[in-house]
Amino acid sequence: PVAMKREAILHRRYVRMARWGRRLSRNIRPAGWVALALGAVLFLGSVDPTRSLAYQVLALLVVMLGCDVLSLIQARPRPEARRAAPGTCVPGTAVTIGITLRNRGRRAWRKLRLVEEAPLAVPTLAEFTDTPEPGEHRRNLFDRTFIYYRFSWLGERHLTFRTAESAAFDLAPGCETTVAVRLLPLRRGHLVLGHLVLAKDGIFGFFRRTWKLDVATLRVPVVPAPGVARAEEAAGLNADRVHPDGIPPRHRSGQSDEFLTLRDYRPGDPLQHIHWASFARAGHPIVREFEDVCRPRVALILDTLLPREGGAFAWTRAFEHCLALAASCAARMESGDTLLELLLVQDRAHSFTSGPGHLHLRRIFEILAGVQPATLGSLSPLERLAFAHARQCQAALFLAVRWDDERQRFLSRLKARGLEVQALVVLPSAGASCPQAPSWVRFVLPRPAARGQWAGWSPPRPLVAAAEI
């Protein structure tokens, strides 16, 4: 109880410090910090005001700082702002946010900047209390007591992008201009764009005045990069050869637009299929017979359980690669007539169908952007979900970061039901040992993270609900 009370007090103080630090960094430029530090040093060195050169430089510096502050005493601008962002983005790849501004006032503004601020990245009290920093036991006593490094590390894990600003621009009265701001997504999830700030620097660039703009919050999904196709191709899962001898009738999806032949009318045939020219020549009803369209279904089974032994953080890079493989499989199957059944478990069992007449590929990417790993739970809900969809599918691709007897029994039961099963298991590192597995199980290594991208643990985000879709 004493430790929990101490951590609660520290968390409250650190959150307050983070908020004050954000306000100071928003209004004081790096040159301003240098000027303030130089002023403090010069103040200590100006012992004799009549003969000290330090005193003279300090006086000049104070005048410059005062003029910089006075230059920012201006009326508030009156612009209207609209955002335009891409539908999705991937971690490690910069995206451009277009912002259109219209000056409703009568005054012209020069050298303005737009700042897209990242949300304040602070951990919750539960995360701060229950999630130690990796290697925290090797820190000194002072760091282990005040655990500020843990707070800072958890805050970095919450950060989806870093604050970015545009180039300087002018805004004439009654005119409209479009400004570009480039953001770098750091991890999978959502870019929450809700803090758009208009800024103007002082004449010397020491300080900055900011005005928050009233603009609607925008959420841009950061989807797993679907470019990881090498391992997925090695798995040999090809929907075009799932059933080379034909697809069972229960998987027929309807009729095509082109008919095969003409035949006599039978009771129950739709009147829309009557071929009127042949009806007039023969004197009795003739109908067109269409070809049945068959689309194979492939189940993409995503195992979101991470091993508890060794800590979950060692497995999150492998899990991110699992999601990238899932996105790669979904993108490959979207190009054909295959229906994809995405099966996974979060707060409950979820199933999503992608393909012609169903969800678009972009919605599948948005769902994968919200998937989170878990260390508690069992494989039973995923097994029940997969067996419920087994009758509709001809093949199944299983993605996981661990392999054991329970998962082998689960997939063997799927194979016994007539499904072509392939499994991809992502190892946490190159030195990890590969357990004994059947020939239809392949072990792959995670790809290296892109520059500026964090491939580790991130805080939970809500999964897109089926009702919303």
Side-chain angles (χ1 to χ4, degrees), residues 83-99 116-119 121 156-164 166 180-194 217-235 300 302 304 313 315-335 340 342 344 346 352 354 359-373 397 399 401 424 426 428 444-464 469:
R83 276 197 193 96
T88 58
C89 54
V90 296
T93 302
V95 295
T96 301
I97 309 298
I99 304 168
E116 192 70 67
E117 291 187 344
E156 285 289 328
R157 304 291 80 78
H158 279 261
L159 195 63
T160 54
F161 68 95
R162 300 191 184 278
T163 299
S166 68
V181 179
R182 290 181 62 83
L183 302 179
L184 181 65
L186 301 179
R187 60 178 52 81
R188 178 181 55 86
H190 289 84
L191 297 182
V192 182
L193 308 179
T217 301
L218 192 63
R219 295 174 62 90
V220 181
V222 185
V223 303
V228 189
R230 180 183 67 256
E232 188 267 328
E233 292 172 356
L300 182 58
L302 183 60
T304 57
F313 299 106
W315 298 89
T316 49
R317 182 167 169 238
F319 182 75
E320 293 297 322
H321 189 71
C322 254
L323 293 177
L325 285 174
S328 176
C329 296
R332 182 180 180 185
M333 295 178 188
E334 182 74 11
S335 59
L340 177 68
L342 177 61
L344 54 94
Q346 291 289 269
F352 306 95
S354 172
L359 294 181
H360 191 267
L361 178 63
R362 175 184 169 184
R363 298 297 292 169
I364 295 295
F365 285 168
E366 292 177 2
I367 293 167
L368 293 176
V371 174
Q372 292 300 316
L397 177 61
L399 298 175
V401 298
L424 280 177
V426 183
V444 297
L445 292 173
R447 61 176 181 177
R451 184 177 181 180
Q453 172 189 353
W454 168 254
W457 175 82
S458 58
R461 307 178 187 91
L463 182 67
V464 178
I469 294 177

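Position 1 is the first residue of the sequence, and the numbers go up from there.
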Give the intermediate values and the outcome of side chain to side chain contact (heavy atoms under 4.5 Å, CB included) for residues Leu325 and Leu424. CA-CA 9 Å; Leu325 285 174; Leu424 280 177; 4.1 Å; yes

Student check: side-chain heavy atoms of Pro91 and Phe161 closer than 4.5 Å: no

Closest non-hydrogen atom pair between Cys89 and Val220, with its separation: SG-CG1, 3.9 Å

Do you know which two heavy atoms are closest between Gly194 and Glu116, and how far apart they sit? N-OE2, 4.2 Å

First locate atom CG of Leu183, then atom OG1 of Thr93, and finally report the distance between them rounded to the nearest 0.5 Å. 13.0 Å

Is there a side chain to side chain contact (heavy atoms under 4.5 Å, CB included) between Ile364 and Leu342? Walk through the geometry before answering. CA-CA 8 Å; Ile364 295 295; Leu342 177 61; 4.3 Å; yes

Is there a donor-acceptor pair closer than 3.5 Å between any side-chain N or O of Arg83 and the backbone N or O of Leu193? yes

Using side-chain heavy atoms (C-beta onward) and a distance below 4.5 Å, is Ile99 in contact with Val181? yes

How long is the straight-line distance from CZ of Phe365 back to CG of Leu359, given to the nearest 0.5 Å? 13.0 Å

Do Leu323 and Leu399 pass the side chain to side chain contact (heavy atoms under 4.5 Å, CB included) test, and can you show the C-alpha distance, the side-chain angles, and the key distance before you say yes or no? CA-CA 8 Å; Leu323 293 177; Leu399 298 175; over 6 Å; no

Heavy-atom closest contact (Ala369 atom, Val222 atom, distance): CB-O, 3.4 Å

Least distance between heavy atoms, Leu191 atom then Pro185 atom: CD1-CG, 4.1 Å

Should Val90 and Val223 be marked as a side chain to side chain contact (heavy atoms under 4.5 Å, CB included) after you check the CA-CA gap, both sets of side-chain angles, and the distance that decides it? CA-CA 5 Å; Val90 296; Val223 303; 3.9 Å; yes

To the nearest 0.5 angstrom, please state how far the CZ atom of Arg162 sits from the CG atom of Leu186. 5.5 Å

Any donor-acceptor pair under 3.5 Å from His360 side chain to Arg362 backbone: yes

Looking at Arg188 and Val371, would you say the former's side chain and the latter's main chain have a donor-acceptor pair under 3.5 Å? yes

Of all heavy-atom pairs between Pro86 and Thr96, which one has the smallest distance, and what is that distance? CD-O, 3.7 Å

With distance as the sole test, does Gln346 use its side chain to make a donor-acceptor pair with the main-chain N or O of Gln372 at under 3.5 Å? yes

From OG1 (Thr88) to CG (Leu368), nearest 0.5 Å: 11.5 Å

Looking at Ala180, is its backbone amide N or carbonyl O close enough to the side chain of Ser166 to form a donor-acceptor pair, meaning the two atoms are under 3.5 Å apart? no

